[in-house]
Q: 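The structure that follows is given in the form of structure tokens.
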2 protein chains.
Amino acid sequence: MLMKSGPESARKPRPVGPRREEILAAALKLFGEHGMHAVTTRQIAAAVGISQPSLYAFFPNRQALEAEVCTRAFEELTSRITAGLAALKRGNSGICKLGRIYVDFGLENPDAYRLAFMVEKPDPVSIVSGGEDPILAAGLKAFHLLREAVGLTVGSGLRPQELEFLAQSQWAALHGLVSLLLARPNFPWRKRNRLIEFHISRVFA
Amino acid sequence: MLMKSGPESARKPRPVGPRREEILAAALKLFGEHGMHAVTTRQIAAAVGISQPSLYAFFPNRQALEAEVCTRAFEELTSRITAGLAALKRGNSGICKLGRIYVDFGLENPDAYRLAFMVEKPDPVSIVSGGEDPILAAGLKAFHLLREAVGLTVGSGLRPQELEFLAQSQWAALHGLVSLLLARPNFPWRKRNRLIEFHISRVFA
DNA sequence: ACGAATAACCTATCATCGATAGCCTATCTT
DNA sequence: AAGATAGGCTATCGATGATAGGTTATTCGT
């Protein structure tokens, strides 16, 4: 069933190069415009200027393409948080600032954020393939940075287990606001900026 | 473009009766077993014992069937929260219990919850048509009950505007946990039950 | 009681989707 | 120049949601 993953056993080549990047860029754009599962492989191919079956020379299937776009979205988030964490370590800002970075990232990159956290169906590959899910790995990295920041802020008065609870809870709370603002922009929200400030200050209170 | 919605202008009849209920019940069961978008109309029809095109005598399309299943799920949530709110008014329980009801519902009805609050791309129809999305409406009703409960709990020491801030923030926090647990079940979460308790107690602290 | 209306269902068929099979062509290496 | 290979093509598949049009059976007015 499962294919051996030796160096020459890949039935489908995974070339690297500009073409592949073009495809990923086009897919990201289309996913963002119309929603991931509303975009067909034919649309992606047309956007790049190749035929639909040609996609399968670069990606074994549609899921793999989606997964890679998602992974890159996470990497972008990770780099932002890394920068925020560095500022926090230098004492230039507090944890609330980091929360604000997180929320702002989600609102400024709705496509990437949606792909990262608002997937309709969790990737089944991540279960079958034995935990080698690159998307999950990328997400974990971003979360670990956030947890590190929380750990720095609350000091050493907390056991690691409790820190984990706290970090997961705070992450969920932040995500909730981003997620709802993105999913239901028409809801009669309070003034967005003030709501965000209010929420963040409560989350890290 | 838009069809006139007079009493006789419906192109597809929407009969009521036991058959229609059978279909909804079968769909609910299948959606729960395999996930909503992994179930085909042919499977639903087979479960009821009719042909696939026969479904379209009862529902104009697949989305309408999904929407009705989800709307009914949210009516269940509303009734649960209503009961919880009544208990709270009688002083039999606290607001945390209501939070728990909300979270539990989301986890037990992932498809309905996803459809209401985790849409990838908000349905443009629901914007144009003036917010007639029945699923969203059902979800909002639940929120309003929650807000009422928050108002009761914090007492009258809060201006309505501040209550709105608080309720929206708390709702977002609750939603965040539900949303992440649904979207990323493979994430190394702390023990689910304890995480939920921890999170809720923090949200309403 | 009888014929028409209608509810409920069928088969046959479509267009579209993701995916596969098999062939062609330009470029690069030796 | 010959061969290998990256990259692409057309043709086609099975599955899916949806439509068209005909058929049966129950209900209902006369």
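Labels below follow one simple rule: chain letters A, B, ... track the order of the sequence lines, proteins then strands, and each chain is numbered from 1.
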Q: Does one side chain, of H175(B) or Y113(B), offer a donor that lies under 3.5 Å from an acceptor on the other?
A: yes

Q: Looking only at the side chain of R42(A) (C-beta and beyond, no hydrogens), which of the listed nucleotides dT11(C), dC9(D), dA19(C) gets closest?
A: dA19(C)

Q: Measure across A26(B) and V48(B) and return the closest heavy-atom pair with its distance rounded to 0.1 Å.
A: CB-CG2, 3.8 Å

Q: Give V39(A) one of three labels, base, sugar-phosphate or nothing, depending on what nucleic acid heavy atoms sit under 4.0 Å from its own.
A: sugar-phosphate

Q: In whole Å, I'd like the distance from the NE2 atom of H37(A) to the P atom of dG18(C).
A: 12 Å

Q: So does Q161(B) have more than 12 non-hydrogen atoms from other groups sitting under 6.0 Å from CD?
A: no

Q: Mind checking T40(B) for me? I need base, sugar-phosphate or nothing, with any heavy atom below 4.0 Å counting as a touch.
A: sugar-phosphate

Q: To the nearest Å, give me how far apart CD (Q52(B)) and P (dC10(C)) are.
A: 11 Å

Q: Determine the minimum heavy-atom distance between L174(B) and V103(B), stating which atoms define it.
A: CD2-CG2, 4.1 Å

Q: What is the distance, rounded to the nearest whole Å, between atom CZ of R62(A) and atom P of dA19(C)?
A: 8 Å

Q: How many Å lie between CD on Q63(B) and P on dT16(D), as a whole number?
A: 18 Å

Q: Report yes if at least one side-chain N or O of S54(A) is closer than 4.0 Å to OP1 or OP2 of dG7(D); otherwise report no.
A: no

Q: What's the CE-P distance between M36(A) and dG18(C), to the nearest Å?
A: 12 Å

Q: Quick one: on DNA chain C, does P53(A) or Q43(A) contact a more 5' nucleotide (nearest heavy atom)?
A: Q43(A)

Q: If you check the S51(B) side chain, which of dA18(D), dA19(C), dC10(C) turns out closest?
A: dC10(C)

Q: One pair to check against ring-ring contact (aromatic ring centres under 6.0 Å, His included): F117(B) and F74(B). What are the steps and the verdict?
A: CA-CA 12 Å; F117(B) 295 125; F74(B) 264 100; 5.8 Å; yes

Q: Measure CG/L55(A) against P/dT20(C) and give the value in whole Å, please.
A: 13 Å

Q: Please give, in whole Å, the distance from dA8(C) C1' to Y56(B) OH?
A: 17 Å

Q: Provide, to the nearest angstrom, the distance between the CZ atom belonging to F58(A) and the P atom belonging to dG18(C).
A: 18 Å

